[in-house]
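Quick caveat: nothing in here was measured; it's all calculated off a predicted structure. Order of appearance sets the numbers: ligands from 1, and atoms from 1 within every ligand.
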Amino acid sequence: MEKRIIINSVNEIIELGKRLGELAKPNMVYALNGDLGAGKTTLTKGIAQGLEIEGIVNSPTFTIMKIYYGRLPLFHMDVYRINQETEDEDLLEYFEMLGLTVIEWANNIKDMIGEVLNIDITIIDQEKREILIHSLNEEYFEVINNL
Ligand SMILES: Nc1ncnc2c1ncn2[C@@H]1O[C@H](COP(=O)(O)OP(=O)(O)OP(=O)(O)O)[C@@H](O)[C@H]1O
Ligand SMILES: [Mg+2]
């Protein structure tokens, strides 16, 4: 199942993120892909709002993972610096925990993550983005349907 959404501003992507946060269930994994500056971290800030997380969510590029506590814990990963060969088994543990895992540059660890909710962000121009949300896993159909 898939849905294509056009976003025209930062505000709109935050609103989409909020919705994605509200609809998240324990154990879900949102796999974010898109070029540098596409808006993966910005979308994650919205997701955090939807999970009622109070703190400021920043890019975990250098730490690889940050945990935030809200309605569900948010495991925010940025695997830009990781590749398949690195095989960081420790990361896998988080996919089993009762929180929402959001992974920036998820394609870098594609073989580790199975069928998740894919969120592909394409830059159209300065503020316009095309967002393709898709999954083959039924668990995510309700999320996609309710966006
Ligand atoms: N519609 C939009 N959606 C998301 N970001 C937007 C939009 N319009 C403008 N921007 C700007 O684009 C930038 C997106 O940066 P962000 O850090 O979210 O991207 P990223 O995909 O996480 O990049 P990186 O690959 O470096 O992690 C921000 O400066 C944001 O203000
Ligand atoms: Mg980022």
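- Look at A38 and you'll find a heavy atom under 4.0 Å from some atom of ligand 1.
- Between I131 and I119 there is a side-chain heavy-atom pair separated by less than 4.5 Å.
- When only non-hydrogen protein atoms are considered, atom 18 (O) of ligand 1 lies nearest to T42 OG1, 2.5 Å.
- Comparing D125, I6, T41 against atom 22 (O) of ligand 1, the shortest heavy-atom distance belongs to T41.
- For atom 29 (O) of ligand 1, the nearest protein heavy atom lies 4.0 Å or farther away.
- For atom 31 (O) of ligand 1, the closest non-hydrogen atom on the protein side is V10 CG2, 3.6 Å.
- If you check which protein heavy atom lies closest to atom 23 (O) of ligand 1, you get G37 N, 3.0 Å.
- Among all protein heavy atoms, the one lying closest to atom 20 (P) of ligand 1 is K40 N, 3.4 Å.
- Contact annotation: for D35 versus ligand 1, heavy atoms closer than 4.0 Å belong to the backbone alone.
- Taking atom 6 (C) of ligand 1 as the reference point, the nearest protein heavy-atom neighbour is R129 NH2, 3.4 Å.
- For N8, no nitrogen or oxygen atom sits less than 3.5 Å from a nitrogen or oxygen atom of ligand 1, counting backbone and side chain alike.
- Looking from atom 19 (O) of ligand 1 to the surrounding protein, the closest heavy atom is G39 N, 3.2 Å.
- The Mg ion (ligand 2) has T41 OG1, E104 OE1 as its protein N, O or S neighbours under 2.8 Å.
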For residues 36-47, tabulate all N or O donor-acceptor pairs below 3.5 Å that involve a side-chain atom, not counting sequence neighbours.
residue : atom : partner : partner atom : Å
K40     : NZ   : G34     : O            : 2.9
K40     : NZ   : D35     : O            : 3.1
T41     : OG1  : E104    : OE1          : 3.0
T41     : OG1  : E104    : OE2          : 2.7
T44     : OG1  : K40     : O            : 2.8
K45     : NZ   : V57     : O            : 2.6

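- Between E142 and K25, at least one side-chain nitrogen of the basic residue sits less than 4.0 Å from a carboxylate oxygen of the acidic one, meeting the salt-bridge criterion.
- What sits closest to atom 1 (N) of ligand 1 on the protein, heavy atoms only, is E127 O, 2.7 Å.
- Residue nearest to atom 26 (O) of ligand 1, selected from D78, T44, L36, I131: L36 (by heavy-atom distance).
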